[in-house]
Amino acid sequence: MKGKSVLNENMKNVNGFEPVVDGQSVVLVLGTAPGAQSLLTGEYYANRGNIFWEIISHIFNGGRPFASYAEKVACLHQNHIALWDTLSRCRREGSTDDNITAEEHNDIDRFLADHPSIKKIVFNGKAPSRYYKPAIDYAVALSTSPANRKFSFDERVQSWAEAMGL
């Protein structure tokens, strides 16, 4: 339960990942914090039910599946997309953002100052947008989380394409 000071034994410490970014990045995609499967693999959006990479493939890779995580990251670089999370650390039971407590925020303002080529932020759903209010152009795309099934794949692809300015 969010906001409770008593931590249940199933709560896990979550430490965020380093950003995926290069000097050509123009768009920064922000999630909240890595989910359980991502923490196990060390890869952003590793949960099979999360359709982030499927949407990126559909928009930027002709719908062809990626063969590896390195290929996924290369696609982001080729399309000038950076990837990070709004939280550097938190406690959470499972992977649901609603279960997050003890949030520590990434210094996104500093990151943007260090990467002046980034001109737009795209939030992966509403949850990460609660943790950071950008001073630059931004959009909130429909969440790619498996918990967000009220929208079709096509609706989510359209949301992401529009958020990316395509």
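Proximity of a side-chain donor or acceptor of Trp84 to a complementary backbone N or O of Asn106 within less than 3.5 Å is not detected. Glu71 places a side-chain N or O within donor-acceptor distance of the main-chain N or O of Ala67, the cut-off being under 3.5 Å. Panel note: side chain Glu162, backbone Ser159; no donor-acceptor pair is recorded below 3.5 Å. With hydrogens and angles ignored, the 3.5 Å screen pairs no side-chain donor or acceptor of Asn124 with any backbone N or O of Leu30. No side-chain donor-acceptor contact under 3.5 Å links Trp160 to the backbone of Ala141. Tyr69 contributes a side-chain N or O that, together with a main-chain N or O of Tyr44, makes up a donor-acceptor pair within less than 3.5 Å. In this structure a side-chain-to-backbone donor-acceptor pair under 3.5 Å is missing from Ser117 to Val26. Using modelled atom types, one side-chain atom of Asp22 and one backbone atom of Ser25 make a donor-acceptor pair closer than 3.5 Å. Checked by atom type and distance alone, the side chain of Arg64 never pairs as donor or acceptor with a backbone atom of His58 at under 3.5 Å.
The aromatic rings of Phe123 and Tyr132 sit tilted, their planes meeting at an angle between 30° and 60°.
Annotation: side chain of His77 is in contact with side chain of Val20 (closest heavy-atom distance under 4.5 Å).
How far CD of Glu104 is from OG1 of Thr86: 12.5 Å, rounded to the nearest 0.5 Å. Taking CZ of Arg89 as the start and CD of Glu103 as the end, the distance is 13.5 Å to the nearest 0.5 Å. For the atom pair NZ of Lys150 and CZ of Arg156, the computed distance is 11.0 Å after rounding to the nearest 0.5 Å. How far CG of Leu28 is from NE2 of His80: 15.0 Å, rounded to the nearest 0.5 Å. Atom CZ of Phe60 is separated from atom CD of Gln78 by 11.0 Å, given to the nearest 0.5 angstrom. In this structure, CG on Asn47 lies 11.5 Å from CG on Leu39, to the nearest 0.5 angstrom.
When all heavy atoms are compared, the tightest approach of Pro34 to Val14 is O-CG1, 3.7 Å. Taking both residues in full, the closest heavy atoms of Gly125 and Pro128 are given as O-CD, 3.4 Å, listed atom of the first, atom of the second, then distance. Minimum heavy-atom separation, Lys120 to Ala139: CE-CB, 4.1 Å. Closest non-hydrogen pair, Ala82 versus Ile118, comes out as CB-CD1, 4.2 Å. The minimum heavy-atom distance linking Gly31 with Tyr45 is given by the pair CA-OH, 3.5 Å.
The closest side-chain donor-acceptor pair between Thr144 and Asn50 falls under 3.5 angstrom. Side-chain contact, Asn13 with Arg91: a donor N or O sits under 3.5 Å from an acceptor N or O.
Test Asn79, Ile51, Val29, Leu76 against Ile56 for side chain to side chain contact (heavy atoms under 4.5 Å, CB included) and you get one pass: Leu76.
If you chain together hydrophobic residues whose side chains sit under 4.5 Å apart, Val21 and Val27 fall into the same group. The cluster map of Ile, Leu, Val, Met, Phe, Trp and Tyr, joined by side-chain heavy atoms under 4.5 Å apart, puts Val140 and Ile59 in the same cluster. The cluster map of Ile, Leu, Val, Met, Phe, Trp and Tyr, joined by side-chain heavy atoms under 4.5 Å apart, puts Ile55 and Ile121 in the same cluster. Linking ILVMFWY residues whenever their side-chain heavy atoms come closer than 4.5 Å, directly or via other members, places Ile81 and Phe111 in the same cluster. Phe151 and Phe52 sit in two unconnected hydrophobic clusters of ILVMFWY residues. Membership requires side-chain heavy atoms under 4.5 Å apart, directly or through other members.
Taking the six-membered ring for Trp and the full ring otherwise, the centers of Tyr131 and His105 sit less than 6.0 Å from each other.
The number of heavy atoms from other shown groups lying within 6.0 Å of NZ (Lys133) is above 12.
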